[in-house]
Amino acid sequence: MGHRGARRSLLILAGSLLLLKSTWFSATAVIPQIRQEWQLTTDVVAWLTIAVQWGFVAGAVLSAVFVISDALPPTRLIFLSSLGTAAANLMLLFTDNALTGSVARFATGFFIAGVYPPSLKLISTWYRHGRGAAMGAMVGALTVSAGVPHLINGVGGLNWRTVIVVTSLLTVAGGVITLTTIKEGPFPFPAAVLDPRQVRRILSDRGTRLSMIGYLCHMWELYAMWTWFLMFFSAALRAQGTEDSLLAAYVTFAVFVIGGLGNYTGGMFGDRFGRERTAIAMMAVSATCAASIGLLMEAPLWLLVVVSLVWGYSVVGDSVQFSTLVTELADQSYVGTALTLQMAFGFLLTGATIWLVPLAERAVGWQWAFAVLAVGPVTGIVAMLRLLRYARSRTGAGRRGARSLG
């Protein structure tokens, strides 16, 4: 497992990350209220979510170019970024239109880029053995935190402004906890120097590059599914003759929660069976769900819920594989930069699919709208098969693939 104190650090940091990232989907969870109050169309609503993704990209690119994630102490960077994230999220309270709302969401994503990658790097300093499971717990916390606004919104149908305030306070609390209770572990990465040329060197390594391609394919599907699942499930309930918004909110939250379990168990499976193989299995399941779930809109409700939960589990169960692979394959002095760069590319891509799904829904209906997302995991399977062959060619058939260090 990890060094003495590793489990305590993992529990605290995972809990902190759950708080820190609750602002990510704070606006998405209350879209029905904001859409009605601001009189927005579906296309404009999509930009509120896309703005967060692209804000994250801008912050991640800036961090990668100037090696910020490797040059600053991660706890300090996380704390400062939490303050910026909360302030940006609160900006929504002072706007009443899509333009300034999108600016606020862009700023929120920009500062989140200083929270997520440093958190993964920080927990990696505590683990050599079992790093996949540890990072799975971290990414699982992210997944659950992304669903927290749906829970807050579902409990009593709170006013959307209350959801924004609560998630902002949770974010600051996470930053304070990280700064005051967490330190780097006994396996720190080598110190980095400011060298923008490292971006090109990171991308030139084939193993790291294939891992990043797999991550891109994963991101093609993930955030579009998270963004539009609530609207899809609400439409399915209407097709079955009910308008239960609370049920839709709770099922959506359950999809996020089981995704957290998928992250953790996926990390364990990666440690045991190999990260590439685990990613392939998860992607095969999620691609099947994406292609078929729309056909179940008028099926028995229990079946639709079961498939939704299976999709929620598998759509993120592969995520930790790519992040852990990068910490193992990239230049160890620039692991933070490599993780940040990977996420920058991935979140840039999410804007396209978040925009694409409602277009597909208008063209072919919800029955087939999510099917466009299956392209991502299918392509990701090809990338992981190539990474397996690459690992075997470098280390021989006796190695178990790109598994845990040590």
Side-chain angles (χ1 to χ4, degrees), residues 17-60 62 78-116 142-176 223-224 226-231 234 245 248-249 252-253 256 347 350-351 354-355 358:
L17 187 60
L18 190 153
L19 301 177
L20 285 160
K21 292 297 294 296
S22 62
T23 53
W24 191 290
F25 273 76
S26 57
T28 304
V30 294
I31 273 179
Q33 295 182 51
I34 291 179
R35 182 179 181 179
Q36 182 176 6
E37 185 171 322
W38 294 0
Q39 298 181 340
L40 305 178
T41 65
T42 302
D43 288 338
V44 174
V45 165
W47 284 105
L48 288 176
T49 301
I50 293 172
V52 185
Q53 313 299 100
W54 287 358
F56 184 95
V57 171
L62 182 66
I78 291 168
F79 171 69
L80 293 175
S81 298
S82 74
L83 298 181
T85 301
N89 196 50
L90 289 171
M91 287 171 58
L92 279 176
L93 301 180
F94 306 98
T95 183
D96 59 359
N97 61 78
L99 178 59
T100 52
S102 295
V103 171
R105 299 305 291 158
F106 182 92
T108 300
F110 180 89
F111 286 107
I112 287 177
V115 170
Y116 185 26
L142 157 70
T143 302
V144 175
S145 72
V148 165
H150 291 286
L151 177 63
I152 296 174
N153 189 43
V155 177
L158 297 176
N159 181 275
W160 71 267
R161 292 176 179 82
T162 303
V163 176
I164 297 301
V165 171
V166 170
T167 53
S168 298
L169 292 175
L170 292 177
T171 294
V172 173
V176 171
Y223 274 80
W226 277 356
T227 298
W228 297 112
F229 181 82
L230 175 62
M231 293 189 69
S234 297
S245 60
T252 301
F253 178 65
F256 282 90
F347 282 97
T350 61
I354 289 172
W355 172 77

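Computed from a predicted model, the values in this text were never measured in an experiment.
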Distance-minimising heavy-atom pair for [X] and [Y]:
X   : Y    : result
L48 : G101 : CD2-C, 3.8 Å
A86 : V172 : CB-CG2, 3.5 Å
G59 : A113 : C-CB, 3.6 Å

Separation of [Y] [atom2] from [X] [atom1] (nearest 0.5 Å):
X    : Y    : atom1 : atom2 : result
L17  : S82  : CG    : OG    : 11.5 Å
T143 : W226 : OG1   : CH2   : 4.0 Å
L83  : F79  : CG    : CZ    : 4.5 Å

Pairs where residues 47-58 contributes a residue and the test salt bridge (charged side-chain N to carboxylate O under 4.0 Å, His left out) is met, not counting sequence neighbours: none
Listed partners of T350 passing side-chain hydrogen bond (donor to acceptor under 3.5 Å, both in side chains), at least two apart: Q53
Check against side-chain contact (heavy atoms from CB on, under 4.5 Å), I50 and R105: CA-CA 9 Å; I50 293 172; R105 299 305 291 158; over 6 Å; no
Side-chain H-bond candidate by donor/acceptor type, T167 with N89, under 3.5 Å: yes
Chi angles and distances behind the side-chain contact (heavy atoms from CB on, under 4.5 Å) call for L20, T85: CA-CA 9 Å; L20 285 160; T85 301; over 6 Å; no
Over 12 foreign heavy atoms within 6.0 Å of CD, Q39: no
Ring centre gap for F106 and W54 strictly below 6.0 Å: no
Residue pair D96, W38: steps toward the side-chain contact (heavy atoms from CB on, under 4.5 Å) verdict: CA-CA 6 Å; D96 59 359; W38 294 0; 4.1 Å; yes
Residues in ring-ring contact (aromatic ring centres under 6.0 Å, His included) contact with F347, at least two apart in sequence or another chain: W24, F56, Y223
Residue pair I354, W228: steps toward the side-chain contact (heavy atoms from CB on, under 4.5 Å) verdict: CA-CA 8 Å; I354 289 172; W228 297 112; 3.9 Å; yes
